[in-house]
Amino acid sequence: MCGICGFTGRLMTSEEILENMMNKIIHRGPDSGGKHIDDGVSMGFRRLSIIDLEGGTQPIYNENRDMVITFNGEIYNHLELREDLIAKGHVMGSHADTEVLLHGYEEYGEDLLPKLRGMFAFVIWDSKTKTLFGARDFFGIKPFYYSIQNGNLVYGSEIKSILEYPGFKREVNKEALENYLTFQYSVLPETFFKGVFKLPPAHCFTFKDGKMDIKRYWEPIFEPDHSKSLEQFVDDIDNAMQDSIKKHKISDVEVGSFLSSGVDSSYVAASFHGDKTFTVGFDYEKYNEIDYAKALSEKIHIDNYNKLISKDEYWDVIGKVQYHMDEPLADPSAIALYFVSQTAAKHVKVSLSGEGADEFFGGYNIYREPHDLLPLTRLPRPVRKAMGAVAKKLPKVKGRNYLIRGSKDLQERFIGNAFMFQEEEREKILKSPTGKYHHTVLTRPYYDKVADQDDVTKMQYIDIHFWLIGDILLKADKMSMAHSLEVRVPFLDRKVFDIARTVPTEYKVNKENTKFAMRQAAHRYLPDMVAEKKKLGFPVPIRIWLKEDAYYNRVKAAFESPAAKEFFNTAEIIKYLDEHRAGKADNSRKIWTIYMFLVWHQQFFEQAA
């Protein structure tokens, strides 16, 4: 695990610029650094030593030294690929998975990518053709950002590196802000920094002669197999997970596991045969998972290391969290993830985690909504629309939201696991709304690709392409790397997805529970109450804190700041805050969404100035 950065072309001070870019991401790889600089490219690397502690230093070259690679991630099937490449005549100089990528590209070109199991973002420079090739993993576990500056490609594992490139102008992307207010994360290909883009998951690129060519090399496709029984699926899921966990434990350093009260991390922790689990909680009964984690850890004979996060600690690191995030993220659990990563990093360099189970196996509670709304969605569309219009005029009484949501088609109401501000609300609170993107414009191409699937599968597909990338994996990478910790996610394995994509909806979401088949697999290792536990997410008591004077005043001061006045109609956003404090509505997530943007802006624009 590490961080990469670099740029094409040659500048008078290439080495100094590259060093500055590398220093900005030293937290991703504090063990060592490496550079390759020639007339065509400058490539930087920061290393966190996990595999081949002695020989895995990057950049790594081929035998002729006319190709060079820098790589962020882990390739879990590199031993099998190594044997294949050696049999084809390739000579390896180390035991590192990085070298396997380089020789694999020599042998197969971009056809190497579908052969991989792992998480990765890498670049390969071919000095013969003066071409830079790069790729990002299947689900977006590892980040890759880029910008074109004066005909040169500038790239990095984090945007911070790109900001160090001479002449880069920092400018807030107002279109990104507008859509962030709805999705709660950065959803556009162009980031919050104008001119900086994300390489999408399962995409690769070539950059030559100032031109960027991007293409998709793989796509997740759901194909339910109705010929198998539930028992067969349970066996297949468990076999795939046990194999994935075994592969994800390959390391020359100790591996631990995060542990919350949910079935996903519990399943991983009970299966990984390690010695340490890590948990955090809050000093509120409904927001503390530590007692559960300690009890399960004792049952499976693993030591649990935990931390109770005080509210002052939580609020005091918000600025640091948004700095490490690179772009605003309004998920309150990101800060809790910062602390569990901090706790784990005191004991291990690598930790397993449970991300991806919900998207693959149908775990989110909202996936039950298509079933719950059936009495309404069976009605003719004009009737539903009329009922919804009437419901909107009603006071906030029980059943009102049910009628409103039932009046909308799935494409209107579901954009992923968060839906903060409707378009009309955005227009009200923003100083200069662009109105360029309605949320359905962004999700429609993805809905179109699964038009023949049932609603639950459509929701999973949307979450894999939006929520998983923009929220779940962003915070997992950035919060762990802030503490020089590698987080590995066994659920997000190609082989696991090969099973998950075939599971029929009735074995994912039914009247009994979500993630039904996966929970049956987890039953083999966990007590019933854990395997059947309802999905909670990571509970954080921000709705309580925002009513307390200290935190209400802190947020209100931010809402009245010059930055707030630059982007928002401050009177409108303060209304959300006062309404929440008075108990008239739970506006905590909307308030948090605005506040996180303002904290991020302070880190990258006000302090930088």
Study note, to complete from the structure: Closest non-hydrogen contact found for Tyr217 with Arg136 is OH-O, 2.6 Å
Exercise for review: Would you check if there is a donor-acceptor pair between the side chains of Arg426 and Thr182 at a distance under 3.5 Å?
Suggested key: yes
Exercise for review: Consider only side-chain N and O atoms of Ser407 and Lys392, and report whether a donor and an acceptor are under 3.5 Å apart.
Suggested key: no
Practice item. State which residue, out of Arg46, His483, Glu158, fulfils the side chain to side chain donor-acceptor pair (under 3.5 Å) condition with His27. Key: Glu158
Review point. Does the separation of the ring centres of Phe604 and Tyr323 fall below 6.0 angstrom?
Key: yes
Review point. Does the side chain of Phe205 reach to within under 4.5 Å of the side chain of Asp213, using non-hydrogen atoms?
Key: no
Point to revise | Side chain proximity check, Leu430 to Leu181, heavy atoms < 4.5 angstrom | key: yes
Check your understanding: What is the ring orientation for Tyr155 with Phe144, classed by angle as parallel under 30°, tilted 30 to 60°, or perpendicular over 60°?
Key -> parallel
Point to revise | Plane angle bin for His439 and Phe419 - parallel if under 30°, tilted between 30 and 60°, otherwise perpendicular | key: perpendicular
**Study point:** Student check: side-chain heavy atoms of Lys431 and Phe567 closer than 4.5 Å
**Key:** no
Check your understanding: Within a radius of less than 6.0 Å around CD of Gln422, do more than 12 heavy atoms belonging to other residues, nucleotides or ligands occur?
Key -> yes
Check your understanding: Any luck finding a side-chain donor-acceptor pair between Ser310 and Asp312 under 3.5 Å?
Key -> no
Exercise for review: Would you check if Phe193 and Glu171 make a side-chain contact, meaning some heavy-atom pair closer than 4.5 Å?
Suggested key: no
Point to revise | Ring geometry between Tyr338 and His324 (parallel below 30°, tilted from 30 to 60°, perpendicular above 60°) | key: tilted
Exercise for review: Determine whether Tyr146 and Phe7 make a side-chain contact, defined as any pair of heavy atoms from C-beta on separated by less than 4.5 Å.
Suggested key: no
Point to revise | Check: Trp218 ring centroid to Phe139 ring centroid under 6.0 Å | key: yes
Practice item. Flag yes if more than 12 heavy atoms outside Asn150 fall under 6.0 Å of its CG atom; otherwise flag no. Key: no
Exercise for review: For the residue pair Glu175 and Tyr180, confirm or rule out a side-chain donor-acceptor distance under 3.5 Å.
Suggested key: no
Review point. What distance separates Ile472 CD1 from Asp463 CG, expressed to the nearest 0.5 Å?
Key: 8.5 Å
Check your understanding: Quick one: does Lys428's side chain get under 4.5 Å of Asn569's, heavy atoms only?
Key -> no
Practice item. Could you check if a side-chain atom of Thr377 sits within less than 4.5 angstrom of a side-chain atom of Lys408, using non-hydrogen atoms only? Key: no
Exercise for review: Count the heavy atoms belonging to other residues, nucleotides or ligands that lie under 6.0 Å from NZ of Lys547, then report whether that count exceeds 12.
Suggested key: yes
Point to revise | Heavy-atom pair of closest approach, residues Phe207 and Gly151 | key: CZ-O, 3.4 Å
Check your understanding: Can Tyr364 and Glu359 be counted as having a side-chain donor-acceptor contact under 3.5 angstrom?
Key -> yes
Exercise for review: Kindly indicate whether the side chain of Gln149, heavy atoms from C-beta on, has any atom under 4.5 Å from the side chain of Phe168.
Suggested key: yes
Review point. In this structure, are over 12 heavy atoms from other groups packed under 6.0 Å from Lys194 atom NZ?
Key: yes
Practice item. For this output row, return yes or no: ring centroids of His580 and Tyr552 closer than 6.0 angstrom. Key: no
Check your understanding: In terms of ring plane angle, is the pair Phe138 and Phe120 parallel, tilted or perpendicular, where the classes change at 30° and 60°?
Key -> perpendicular
Review point. Tyr185 and Asn179: side-chain donor and acceptor closer than 3.5 Å?
Key: no
